[in-house]
Amino acid sequence: MIAFGPIVAKLLPALNATAAGDLVFWTEAELYEFADELAQAVSRFGIFVERSEIAVTSGSAAYSLPVRFAALFHLSLNNTSLSAAGVDELEALDSSWPTAAGTVSRYVLDVVGLSTVTLYKIPGAPGTLTLLVSTYPAIANSSAIARAASPVGDYWKYGILKAARSKEGEGMMPDVAAHCRERMSLYEALFERYWGRNE
Amino acid sequence: MTLAELKARTLARVAEAGAPVAHTAAEVTDALNEGLRLFALLTLCVERRGFLPLDGGVAWYRLFDYFSDWLLPLRVRVETTVSGAALGLWDSELWDAATFDQAATTLAGTTLVRPARVFELDARNPSWQTDQRNPVERYGTCGAELLFVWPQPAASAIARLWITYAAVPAELVLDGDIPEIPERYHSDLIDFAVCTLALKDGAQELERALPQLAKFLAAAETLAEVVRGRNRANRYDAEPFELKAYDRSRLITAMKKPRQAA
């Protein structure tokens, strides 16, 4: 488990501060902003995978994907797996696919926008849609946590340090930022090896 | 080496022996722990074994609820008969029954569970998430902590998984704590810590410390090769990262003209 409060606290000496109030060229809030931005980069890897459920109502085919969604791995309706399809495939399969009702067998992600999943066919009974999604944690303050092994937190440490030392100003240290970037690359290679990549 | 010895030697290497000024003991401890975590991640040398109780009708489990130090699964076996209370070596109850469980069925009574992916089970049966029977035949992981089993144990059955897994080593806290990695690699933690502490200063301090990071990575590569051979012989389900194939030239070389930080 990763707790971001201790990560930022342990990072302070590398920014020449003993406490958050001693920071000269940054604010503590900025450091958490750097961490939150990095969370979206971490979402490229299959580390944070969650099972989330959406209530399906009869007659409704379109549902919004979870907030902070990065990629959809798997979807099942009432514990029966559905196949992924594209709009072009549905067009070839069934010319009346937008209004066809019956047993749901497929799901489509490219009907409307990037954050909606549409079922084919339109379900005729309520149920539960279970999604396996790659997501990323929200990091707003010291109480933020993420469910991953603690070495993943070290990646965040270097990401925050890189961002801090890249910021224009007297605290800028390009050599340290570059070295942090290379350490992050090593961690990214490890993440891809052990947990895969979403892209 | 104990944490006290590691700290003392690290401070001596950065000319801070005696009364540290630039680097506190807490900073050194954090750097040593970070090196320990990275070493374990590179080599998967820390192994533990524990059991995961399976609930009837449940296919998905969140592993951090059972193993706080979870990293990767190495081998999974299912035991479908659990008898009596867990007893210790001298018939006293222990809170940790994983190792000294004499009353329960021994490992000889377990069945190996092979890994599978969600899509493989989908191809077999789209309704695999509702299959219930004994014993569990396949397991898989999604992300850092989700684990699924197929088929699920039937509601009336008692079953559990014996899992051998790669673990995150225990953090060094007290001066007497000893790193869980093999002792001949303890000094490599000092090398990592020295380079990490140099990030505070940057410039020439960092450049001088980079060869020690290279030494740390070379040691990790050596042990990872040993662990990989052992894991293959044991037919484990995971192997360490191929550090030999990773281009670390930019990591261990000072950036004369740093590229634009992304």
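Below, chain A is the first sequence line, B the second, and so on; all start at residue 1.
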Of the backbone (N, CA, C, O) and the side chain (C-beta and beyond), which part of [X] lies under 4.5 Å from a heavy atom of chain A, both, or neither?
X      : answer
B/L217 : side chain
B/A26  : neither
B/L72  : side chain
B/L251 : both
B/D201 : backbone
B/L213 : side chain
B/E171 : side chain
B/E34  : both
B/T196 : both
B/L146 : side chain
B/L63  : neither
B/F64  : both

When rounded to the nearest 0.5 angstrom, what distance separates [atom1] in [X] from [atom2] in [Y]?
X      : Y      : atom1 : atom2 : answer
B/E27  : A/L11  : CD    : CG    : 11.0 Å
A/H74  : B/R117 : NE2   : CZ    : 12.5 Å
B/W60  : A/L132 : CH2   : CG    : 4.0 Å
B/Q129 : A/S76  : CD    : OG    : 4.0 Å
B/L199 : A/R183 : CG    : CZ    : 5.0 Å
B/E242 : A/R193 : CD    : CZ    : 7.5 Å

Measuring only between side-chain heavy atoms, which start at C-beta, is [X] closer than 4.5 Å to [Y]?
X      : Y      : result
A/R147 : B/D65  : yes
B/E207 : A/H179 : no
A/Y187 : B/L38  : yes
A/L186 : B/L243 : yes

Determine the option with the most heavy-atom pairs under 4.5 angstrom with chain B, choosing from A/R165, A/K10, A/K157.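 Highest number of heavy-atom pairs under 4.5 Å: A/K10.
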Leading residue by heavy atom contact count with chain B [cutoff under 4.5 Å; candidates A/F191, A/F73, A/Y158]: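 Maximum pair count with chain B is reached by A/Y158.
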Classify the ring geometry between A/Y194 and B/F241 as parallel (under 30°), tilted (30 to 60°) or perpendicular (over 60°).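 A/Y194 vs B/F241 ring planes: perpendicular.
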Residue part contacting chain B, namely of [X], when any heavy atom lies under 4.5 Å:
X      : value
A/Y155 : neither
A/N79  : both
A/L82  : neither

Residue, of [options], that accumulates the most heavy atom pairs under 4.5 Å with chain A:
options                     : result
B/L36, B/L42, B/T130        : B/L42
B/P240, B/A198, B/A40       : B/P240
B/N33, B/N125, B/L71, B/D69 : B/L71
B/L197, B/D247, B/L44       : B/L44
B/A203, B/S68, B/A238       : B/A203

Shortest non-hydrogen contact from [X] toward [Y]:
X      : Y      : value
B/D122 : A/S81  : OD1-OG, 2.5 Å
B/A144 : A/A148 : CB-CA, 4.2 Å
B/V168 : A/P151 : CG2-CD, 3.8 Å

Taking it one step at a time, do B/R62 and A/E50 satisfy side chain to side chain contact (heavy atoms under 4.5 Å, CB included)? CA-CA 10 Å; B/R62 293 172 73 96; A/E50 296 287 339; 2.9 Å; yes
Within 6.0 Å of CD in B/Q204, more than 12 heavy atoms from elsewhere: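 No, CD of B/Q204 has 12 or fewer neighbouring heavy atoms, counting only those of other groups under 6.0 Å.
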Counting only heavy atoms from other residues, nucleotides and ligands, does the tally under 6.0 Å from CZ of B/R124 exceed 12?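 Atom CZ in B/R124 is not packed in, count stays at 12 or less.
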